[in-house]
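Structure record follows, encoded as structure tokens.
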Amino acid sequence: MRAELATTMDVPSWSEIVREVEPLFGSMPDFEAMLIRKIDQGAALCIRSHSEGDAACVLGGLLLGGSPPQGWIRWLAVRSRARGTGIGQCLVEAAIERLNGFDRISVDTFRAENIGGRAARRLYERVGFVAGPLVEVGGVPRQRYVLTLV
Ligand SMILES: CC(C)(COP(=O)(O)OP(=O)(O)OC[C@H]1O[C@@H](n2cnc3c(N)ncnc32)[C@H](O)[C@@H]1OP(=O)(O)O)[C@@H](O)C(=O)NCCC(=O)NCCS
């Protein structure tokens, strides 16, 4: 499996994942505009399935942000039927590789009490992120995780 830069061809399939995670993330009315912006910047990574004869299906996506020395993972989700097969980890490792040269990468994710966010916390911890401060992002309680690269 390989993470690749997303193109505008991936937007409809990626949007299906957005609809799947809306109950967990909350409504994301401006997501498509953000995704297209990130695609233009080369900051949208995805893993596709390529079943023969079918259009490529996005199985998971990740949006990068920030500028040196501080990188960010702005968004991450895997299609529910494809979870638990390493796609999330592959995307996060690809993000770390692309942000090579940055001092650190942060992500604001779910707090421990949010059961729906446990897989994400476990994933970030497994690749070396450390739980940081409790923060509020747009009034939503989150926990910052930080991976120090230098
Ligand atoms: C977090 C997410 C991206 C992980 O994707 P994935 O492809 O399933 O990830 P991986 O297969 O690489 O690893 C999943 C890890 O989470 C664990 N996991 C899965 N469901 C879990 C749960 N309910 N509670 C705790 N751990 C869980 C798996 O066991 C695995 O860890 P392990 O290998 O150490 O056992 C995916 O679950 C998802 O899209 N969740 C909803 C959106 C989300 O939370 N996004 C992050 C926002 S910051």
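All ligand and atom numbering here is 1-based and tracks the order in the structure. Numbering starts at 1 and runs along the sequence shown. Just so you know, these numbers come straight off a predicted model, no measurement behind them.
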| said: Can a side-chain donor-acceptor contact be found between Gln143 and Thr109 if the only test is distance below 3.5 angstrom? | reply: no

| field | Cys57/Arg79 under side chain to side chain contact (heavy atoms under 4.5 Å, CB included): CA gap, chis, key distance, verdict | value | CA-CA 10 Å; Cys57 166; Arg79 196 175 282 273; 3.6 Å; yes

| So is Arg142 actually on top of Phe110's ring, under 6.0 Å and inside 45° of the axis? | yes

| Listed by chain and number, what are the salt bridge (charged side-chain N to carboxylate O under 4.0 Å, His left out) partners of Arg144, not counting sequence neighbours? | Asp108

| said: Holding to salt bridge (charged side-chain N to carboxylate O under 4.0 Å, His left out), I want the full list of residues that pass it with Arg2, two or more places apart in sequence or in another chain. | reply: Glu4

| side-chain contact (heavy atoms from CB on, under 4.5 Å) with Gln89: which residues, sequence neighbours excluded? | Glu93, Leu123, Arg126, Val127

| request: Select all protein residues for which some heavy-atom-to-ligand 1 distance is less than 4.0 Å, and list them by chain and number. | output: Leu24, Phe25, Leu76, Ala77, Val78, Arg83, Gly84, Thr85, Gly86, Ile87, Gly88, Gln89, Thr109, Phe110, Arg118, Ala119, Ala120, Arg122, Leu123, Tyr124, Arg126

